[in-house]
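Chain letters run A, B, ... following the sequence lines, proteins first and then strands; every chain starts at 1.
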There are 2 protein chains.
Amino acid sequence: MERGRGALGPALALVHTGRAPTRAVLTAELGVTRATAGAVAAELEALGLIQVDPHPIAAAGSQGRPSHGLSIAPHGPVVLAAQIHADGFRAALVGLGGRMVATAPGCMTVPADPARIIDAVVEAGAELLRATRRRCLGAGLAVPSAVAEPDGTALNPLHLSWPTGAPVAELFSEALAKSGVLGPGGTPVTGVAGNDVNLAALAEHRHGAGRGARHLLCVATGHRGVGGALVVDGRVHSGSSGLALEVGHLTVNPAGMPCHCGSRGCLDVETDPLAFLTAAGREPGPAVSLLQQSRDLLRSEYADPTVREAAELVVDRLGLGLAGLVNILNPDRIVLGGLHRELLEADPERLRAVVADRSLWGRSGSVPILSGTLDHNSLIGAAEAAWQPVLDDPLAALG
Amino acid sequence: MERGRGALGPALALVHTGRAPTRAVLTAELGVTRATAGAVAAELEALGLIQVDPHPIAAAGSQGRPSHGLSIAPHGPVVLAAQIHADGFRAALVGLGGRMVATAPGCMTVPADPARIIDAVVEAGAELLRATRRRCLGAGLAVPSAVAEPDGTALNPLHLSWPTGAPVAELFSEALAKSGVLGPGGTPVTGVAGNDVNLAALAEHRHGAGRGARHLLCVATGHRGVGGALVVDGRVHSGSSGLALEVGHLTVNPAGMPCHCGSRGCLDVETDPLAFLTAAGREPGPAVSLLQQSRDLLRSEYADPTVREAAELVVDRLGLGLAGLVNILNPDRIVLGGLHRELLEADPERLRAVVADRSLWGRSGSVPILSGTLDHNSLIGAAEAAWQPVLDDPLAALG
DNA sequence: TGACTTTGTGCCGACGCTAAACAAAATACG
DNA sequence: CGTATTTTGTTTAGCGTCGGCACAAAGTCA
């Protein structure tokens with residue numbers, strides 16, 4: 001009777017990621033008949049998730065009846081996305097398609113009690129929901145720490161001075177309930193928490209520089225240490241318990257600086273912002289974040305040989321680490337974030353050459369290395385994680 | 001009308017891996033009704049793949065009507081499995097359930113022309129097929145080299161003195177056609193080729209020490225160099241082009257021996273049989289393989305402090321490498337093969353302690369490290385790869 | 001022996017899709 | 001400018017697959 005139930009999720013995912021601009025394309029991408037695709041589109045429209053343009057699209061040069069355009073419903077439901085980082089937090093409402101509907105930055109020295117800042121960020125999000133009167137279907141939180149699955153505890157929130165094992169997912173859900181963020185069934189929205197780089201990778205894969213990659217490797221450094229993430233066939237590869245891609249302790253300089261892990265010359269201590277500032281002979285100041293200081297130095301004083309050589313040193317070390325990861329993971333694309341992105345942009349060829357030279361199969365087919373293209377990609381990624389149940393089964397998620 | 005078509009593949013996989021000993025268990029595992037499970041079992045029996053015991057199984061202690069046992073059809077179809085290694089080759093016929101039906105070892109110095117040995121190994125397999133008159137549904141070949149996907153070329157057949165890029169999958173299929181190995185449609189069987197450690201990992205996951213693991217990491221060393229493989233949710237994680245898990249060039253000894261990759265102290269040159277023999281002060285002889293020499297030394301002279309210390313040195317280096325892999329891949333089980341397996345069995349606690357100590361989350365939950373349990377696991381793995389189309393869709397593969 | 005528990009089977013209906021015919025909306029071409 | 005062509009959307013019929021249910025079968029327990 002009701003047609004197009006099984007394909008509902010895949011169809012929404014296609015529109016969500018912009019791979020189904022029209023119903024005709026949707027039909028082809030789903031591999032179903034026009035009848036089914038039409039029913040699917042109608043159902044998604046009835047659910048208030050997408051919009052089928054009433055007037056057909058002016059087809060460019062092709063003959064035949066033009067197809068109706070598909071787009072995300074402009075006033076459809078949203079998810080609450082949140083990010084906690086070294087300098088504070090940010091809350092936002094994000095619709096399908098990765099579009100930020102409303103945002104509220106919150107500057108705040110992160111307290112040692114994770115519950116306090118999570119309460120604050122959720123309250124900021126709840127305020128946005130009250131102001132915009134949007135329906136909320138989920139919530140996602142990005143934290144700068146490994147997050148163990150399936151319990152959702154933060155294992156190494158080093159620069160947040162949180163206790164190890166803080167139950168961030170649970171705290172997030174409790175805060176959502178306390179703030180009265182209700183989902184479709186009238187029940188409180190449950191929140192998911194994830195590592196910020198994992199979520200950034202997910203966002204870049206869906207809406208950014210990682211679109212279309214089958215095995216996307218992301219590496220980024222923001223404040224201290226280096227984070228990695230792998231997205232395989234559209235899903236974050238988080239290992240058996242969420243702790244995969246802890247790439248910071250690959251050896252990239254055997255004679256290098258000692259690391260708290262017990263080894264020397266780890267990627268963490270050789271390529272993060274502090275390492276760059278130190279290599280350039282600069283004393284890090286307390287005013288702005290280490291990333292900002294590094295970025296400023298790189299952009300304004302790259303002509304200075306000391307700065308340039310420091311950058312090249314860090315690029316060489318990063319290249320070694322990336323080559324090691326390429327050997328183990330064999331990605332078909334690499335996207336860099338944070339300071340690593342800046343370093344790539346300062347001298348793209350050097351990094352690509354090092355990676356190609358030091359990866360085993362680099363010569364037979366080198367891996368494209370790109371910059372992340374999304375602003376707030378961890379935040380968008382948190383939204384993606386929150387959308388996931390809806391993308392998997394829209395009917396079940398909407399009630 | 002015909003019930004249980006969609007579940008045919010999953011059901012066969014359950015019987016194949018021994019997870020569905022009875023129809024009742026099959027019903028539960030598939031999550032379908034008894035009616036559907038019954039139809040599925042009947043269909044698989046009609047296809048000649050499995051056997052439904054006519055008389056029910058004596059249920060141990062439980063009441064209720066006893067269920068009928070399910071088992072692999074004893075005279076059902078087979079696949080042709082082949083393995084090429086440093087000392088020669090081996091061909092076999094393997095039925096479902098990983099049971100070797102017939103085998104033919106072939107000792108032969110591996111010629112520089114891959115076509116010649118592939119022809120020989122296929123001819124040995126074809127002879128087995130003629131002798132046993134079994135129906136052949138596929139063919140798989142394990143080679144000690146990375147195999148690029150999807151074209152099936154061998155990229156680093158170092159100790160085979162083959163040219164880089166040898167099209168082994170193509171040569172294999174051509175040899176099968178030439179030898180008259182015909183599949184169900186009367187057309188020649190097409191062969192799949194894979195890296196031996198990847199295939200061994202697959203075999204261990206389905207029938208050996210890796211059963212039940214969701215993220216299984218296998219590391220093994222046979223002759224020269226070290227191979228790795230990751231099986232995620234029952235599938236080999238081979239990266240975007242089949243070249244993943246090239247683990248041999250992780251740095252495990254910064255001051256170590258130079259490696260052809262340009263670095264020093266790689267896992268390859270620090271933990272393979274040659275490294276062990278060298279560390280023990282033994283000159284490798286030409287008579288038997290390096291693995292055999294190492295194994296003999298380890299088993300017969302472990303009381304000798306020189307040998308013991310060499311073993312401990314290699315174990316420590318291996319532990320560092322495994323810890324690095326644990327940090328990146330977060331497996332829930334590790335299975336070792338070749339000399340690494342022997343080293344684990346010589347002193348299990350030492351290796352486990354090193355890995356737990358040097359992996360970031362080792363203390364919160366250490367990864368079980370086990371020995372491979374299958375004889376000829378690469379060969380069985382080659383069979384698994386050959387069975388895959390049948391396991392995915394029995395009707396299509398047999399029709 | 002009879003109650004109970006668990007497994008296997010036959011029948012019906014619901015669900016979700018394909019197929020096919022038809023209608024609609026554009027371009028191409030004489 | 002009208003007709004053919006192409007491509008898209010819709011309607012209807014039908015079919016394949018599975019769940020639900022009732023009943024039968026085969027054992028254990030008291």
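Not a single donor-acceptor pair, N or O on each side, falls under 3.5 Å between the base of C:dT6 and the side chain of B:R65.
Backbone-only contact: A:A7 has heavy atoms under 4.0 Å from sugar-phosphate atoms and none from a base. Counting any heavy atom pair closer than 4.0 Å across all strands shown, A:G6 reaches sugar-phosphate atoms only and no base atom. As judged by a 4.0 angstrom heavy-atom cut-off over every strand, B:A35 is placed among the base-contacting residues. Within the nucleic acid shown, A:R5 comes within 4.0 Å of sugar-phosphate atoms alone, with no base atom in reach, counting heavy atoms only.
For B:V32, taking side-chain heavy atoms from C-beta onward, the closest of the listed nucleotides C:dA25, D:dT10, D:dG19 is D:dG19.
Under the 3.5 Å distance criterion, with hydrogens and angles disregarded, a donor-acceptor pair is assigned to the side chains of A:N330 and B:S241. Side-chain contact annotation: A:T17 with A:R19, donor-acceptor N/O pair under 3.5 Å present.
Results of the side chain to side chain contact (heavy atoms under 4.5 Å, CB included) test with A:V231 over A:E204, A:R206, A:H205 single out A:H205 as the only residue that passes.
Note on B:T36: a side-chain N or O is less than 4.0 Å away from OP1 or OP2 of D:dG19. Considering only side-chain N and O atoms, A:T33 lies under 4.0 angstrom from the phosphate OP1 or OP2 of C:dT18. Taking 4.0 angstrom as the limit, A:R23 places a side-chain polar atom (N or O) nearer than this to OP1 or OP2 of D:dG9. Distances shorter than 4.0 Å separate none of the side-chain N or O atoms of A:R3 from OP1 or OP2 on D:dA13. Side-chain nitrogen and oxygen atoms of B:S67 include none within less than 4.0 Å of the OP1 or OP2 phosphate oxygen of C:dT6.
Mapping B:A39 and A:R34 onto DNA chain C by nearest heavy atom places B:A39 at the nucleotide closer to the 5' end.
Taking atom CD on B:Q63 and atom P on C:dG2, their separation rounds to 19 Å, with Å as the unit. Between the C1' atom of C:dG8 and the CG atom of B:L30 lies a distance of 16 Å, rounded to the nearest Å. Taking atom CG of residue A:L70 and atom P of nucleotide D:dT8, one finds them 13 Å apart after rounding to whole Å. Atom-to-atom, CG of B:L8 to C1' of D:dG16 comes out at 14 Å; the value is rounded to the nearest Å. B:E2 has its CD atom 14 Å from the P atom of C:dC11, to the nearest Å. B:L26 has its CG atom 16 Å from the C1' atom of C:dT9, to the nearest Å.
For A:D392 and A:R235, the salt-bridge test passes: some basic side-chain N is under 4.0 Å from an acidic carboxylate O.
Residues forming a ring pair (Phe, Tyr, Trp, His ring centres under 6.0 Å) with A:H237 (at least two apart in sequence, or on another chain): B:H215, B:H237.
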